[in-house]
Q: 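I am attaching a structure below and will ask some questions about it afterwards.
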Protein chains: 2
Amino acid sequence: MSEIQQVRKGSTSLLILSVLLEGPSHGYAIMRKLEERSNGYFKMTAALLYPTLHQMEQEHLIESVWENAVGQRRKKIYTITPKGKEHLTKGNTEWKRFFDQLFNVMDYSAEAKKVQ
Amino acid sequence: MSEIQQVRKGSTSLLILSVLLEGPSHGYAIMRKLEERSNGYFKMTAALLYPTLHQMEQEHLIESVWENAVGQRRKKIYTITPKGKEHLTKGNTEWKRFFDQLFNVMDYSAEAKKVQ
DNA sequence: TGATATATATAAGAATATGATATATAATTA
DNA sequence: TAATTATATATCATATTCTTATATATATCA
């Protein structure tokens with residue numbers, strides 16, 4: 001597996017919650033919005049999306065209702081819960097801390113190398 | 001698993017390479033340096049460190065020699081290879097891109113929410 | 001002598017991601 | 001009209017990475 005694919009692990013639920021913060025949406029639309037907003041960087045696949053959505057629903061981070069409109073494929077509409085909003089805020093903070101520490105260590109080493 | 005533990009996935013090899021960029025070191029010392037430089041944030045465990053080191057050696061990112069000094073426990077000294085240095089540079093860039101895109105999506109959503 | 005720090009290592013299991021496959025409808029194009 | 005593409009949800013087998021627990025062994029300090 002490439003480095004960047006490993007990196008992406010664990011970000012899925014946070015990205016989904018980010019999209020749902022704007023308003024209710026269904027699986028396929030979430031996938032498309034993520035790709036669109038990152039200019040194709042986040043290429044979410046169905047095999048990752050749907051199991052993640054199911055798990056997030058079990059954890060009460062999101063809720064769903066089926067929409068059965070005539071002349072359209074049926075869709076499962078997901079909404080972010082208050083617990084989901086908390087999770088997103090907390091996750092955002094934790095990611096920022098993690099990146100700070102990661103680049104702290106990497107920059108420290110790069111600086112030490114220059115001095116040699 | 002907590003969000004932050006998921007986040008950490010895939011960063012291990014990059015952190016190890018960062019430490020080795022400064023100079024050769026052995027497993028236990030790498031573990032301690034990482035904890036020290038991140039003020040305790042990165043708590044690397046032996047069970048994660050040693051298998052990762054073995055794998056990285058197989059991928060030729062690092063090389064090792066046994067050191068058998070008298071009056072000391074024997075140590076396996078690891079050195080970063082040219083391939084490892086490339087890997088670190090590339091990984092650093094990829095992490096930065098990932099970070100940019102992640103917060104791009106998250107901030108976009110937070111802004112859209114404010115406007116509602 | 002016992003506790004702690006140093007030092008390397010593996011096994012079992014959990015969590016997350018990928019590639020492949022399945023099913024089905026709506027809209028578009030040839 | 002037929003074929004293709006886009007929409008829409010879902011699972012399975014497999015791979016990868018991480019955690020908890022366990023094992024072994026030496027040096028140092030109280």
Side-chain angles (χ1 to χ4, degrees), chain A residues 1-17 19 24-36 41-59 61-62 64-78 91 95 98, chain B residues 1-16 19 24-36 41-59 61-62 64-78 91 95 98 102:
Chain A
M1 219 201 278
S2 82
E3 193 79 26
I4 200 60
Q5 281 168 325
Q6 289 171 38
V7 163
R8 207 170 295 168
K9 288 192 176 186
S11 62
T12 308
S13 58
L14 225 56
L15 286 168
I16 291 170
L17 289 174
V19 171
S25 191
H26 61 101
Y28 196 82
I30 292 170
M31 198 158 63
R32 302 268 304 285
K33 283 177 191 169
L34 281 177
E35 201 164 336
E36 185 191 307
Y41 184 81
F42 293 118
K43 286 179 197 75
M44 180 76 75
T45 59
L48 174 57
L49 179 75
Y50 293 108
T52 304
L53 284 171
H54 300 160
Q55 202 200 309
M56 288 171 73
E57 194 170 11
Q58 282 202 317
E59 292 165 3
L61 303 176
I62 55 177
S64 72
V65 280
W66 279 104
E67 187 192 77
N68 288 293
V70 271
Q72 278 197 335
R73 288 276 297 112
R74 61 185 208 143
K75 303 166 188 173
K76 204 189 264 183
I77 309 290
Y78 288 96
W95 269 98
F98 174 76
Chain B
M1 220 199 275
S2 82
E3 194 79 28
I4 200 63
Q5 280 168 325
Q6 290 171 39
V7 163
R8 208 172 294 171
K9 287 192 177 185
S11 63
T12 308
S13 58
L14 226 55
L15 287 168
I16 291 170
V19 170
S25 191
H26 61 101
Y28 197 82
I30 291 169
M31 197 158 66
R32 300 269 304 286
K33 282 176 191 170
L34 280 177
E35 199 164 336
E36 187 193 307
Y41 183 81
F42 292 117
K43 287 180 195 75
M44 180 77 73
T45 59
L48 174 57
L49 179 74
Y50 292 109
T52 304
L53 283 172
H54 299 161
Q55 201 200 309
M56 288 170 72
E57 194 170 11
Q58 283 202 314
E59 292 165 1
L61 302 177
I62 55 176
S64 72
V65 280
W66 278 104
E67 188 191 80
N68 288 291
V70 273
Q72 278 195 335
R73 288 276 299 113
R74 61 185 209 141
K75 301 165 188 172
K76 202 188 264 183
I77 309 292
Y78 288 96
W95 269 99
F98 174 75
L102 182 67

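Within every chain, numbering begins at 1; the chains are lettered A, B, ... in the order of the sequence lines, protein sequences first and strands thereafter. Only this structure's heavy atoms are used, side chains among them; waters, hydrogens and symmetry mates stay out. This structure is a prediction, so every number in the text was calculated from the model and none was measured.
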Q: Consider the side chain of Y50(B), meaning its heavy atoms from C-beta on, and name the nucleotide among dA7(C), dA10(D), dT20(D) that approaches it most closely.
A: dA7(C)
Q: Which comes earlier along DNA chain D counting from the 5' end, the contact point of Q72(A) or that of P51(A), where each point is its nearest nucleotide?
A: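 Taking each residue's closest nucleotide, the earlier one in sequence belongs to Q72(A).
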Q: Any side-chain heavy atom of Y28(A) sitting closer than 4.5 Å to one from I30(A)?
A: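 Heavy-atom side-chain distance check fails, nothing below 4.5 Å.
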Q: Which sits closer to the 5' end of DNA chain C, R32(B) or E59(A), going by the nucleotide each is nearest to?
A: R32(B)
Q: Could you tell me if the side chain of T45(A) sits less than 4.5 Å from the side chain of M31(A), heavy atoms only?
A: no
Q: Among dT11(D), dA26(C), dT17(D), find the nucleotide with the atom closest to the side chain of Q55(B).
A: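 Nearest to the side chain of Q55(B) among the choices is dT17(D).
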Q: Under 30°, 30 to 60°, or over 60°: which ring-plane class applies to F98(B) and F42(A), parallel, tilted or perpendicular?
A: perpendicular
Q: Name the one of K76(B), E57(B), H26(B) that satisfies side-chain hydrogen bond (donor to acceptor under 3.5 Å, both in side chains) with S64(B)?
A: E57(B)
Q: Expressed as a whole number of angstroms, how long is the span from R73(A):CZ to dA26(C):P?
A: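 Rounded to whole Å, this separation is 8 Å.
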Q: To the nearest Å, give me how far apart CG (L49(A)) and C1' (dT16(C)) are.
A: 14 Å
Q: Between dA10(D), dT7(D), dT6(C), which nucleotide has the shortest distance from any of its atoms to the side chain of W66(A)?
A: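 Nearest to the side-chain atoms of W66(A), counting from C-beta on, is dA10(D).
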Q: Mind calculating the distance between CE (M31(B)) and P (dT19(D)) to the nearest angstrom?
A: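 Value for this atom pair: 13 Å.
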Q: Measuring to OP1 and OP2 of dT17(D), would you say a side-chain N or O of T52(B) lies under 4.0 angstrom away?
A: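 For T52(B), the contact criterion (side-chain N or O under 4.0 Å from OP1 or OP2 of dT17(D)) is not met.
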Q: Checking contacts here: which listed nucleotide (dA6(D), dT11(D), dC18(D)) is nearest the side-chain heavy atoms of H54(A)?
A: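 The answer is dT11(D).
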Q: Could you give the CD-to-P distance, from Q58(B) to dT17(D), as a whole number of Å?
A: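 For the pair Q58(B) CD and dT17(D) P, the rounded distance is 12 Å.
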Q: Tell me: CZ of R74(A) to P of dA24(C), nearest whole Å?
A: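 In whole Å, dA24(C) P and R74(A) CZ are 12 Å from each other.
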Q: Would you indicate, yes or no, if dG19(C) has its OP1 or OP2 atom less than 4.0 angstrom from a side-chain nitrogen or oxygen of T45(A)?
A: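 No, outside the criterion.
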Q: Let's see if you can work this out: which of dT11(D), dC18(D), dA11(C) has an atom nearest to the side-chain heavy atoms of A47(B)?
A: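 My answer, after comparing the listed nucleotides, is dA11(C).
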Q: Give none if dA23(D) has no partner; otherwise give the nucleotide forming a Watson-Crick or G-U wobble pair with it, both distances under 3.5 Å.
A: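 dA23(D) is paired, partner dT8(C).
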Q: Select one nucleotide: of dA7(C), dA10(D), dA8(D), the one nearest the side-chain heavy atoms of K75(B).
A: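 Per side-chain heavy atoms of K75(B), the pick is dA7(C).
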Q: Starting at NZ of K76(B) and ending at P of dT8(C), how long is that distance when rounded to a whole Å?
A: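 Rounded to the whole Å, the gap is 9 Å.
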Q: With a 3.5 Å limit on both atom pairs, tell me what dA13(D) is paired to, counting Watson-Crick and G-U wobble, or say none.
A: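 dA13(D) is paired with dT18(C).
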Q: In whole angstrom, give the distance that lies between atom NE2 of H26(A) and atom P of dA8(D).
A: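 Rounded to whole Å, this separation is 4 Å.
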Q: Which atom names give the shortest non-hydrogen contact between Y78(B) and G27(B), and what distance separates them?
A: CD1-N, 4.3 Å
Q: In whole Å, what is the span from the CD1 atom of I62(A) to the P atom of dT9(D)?
A: 12 Å
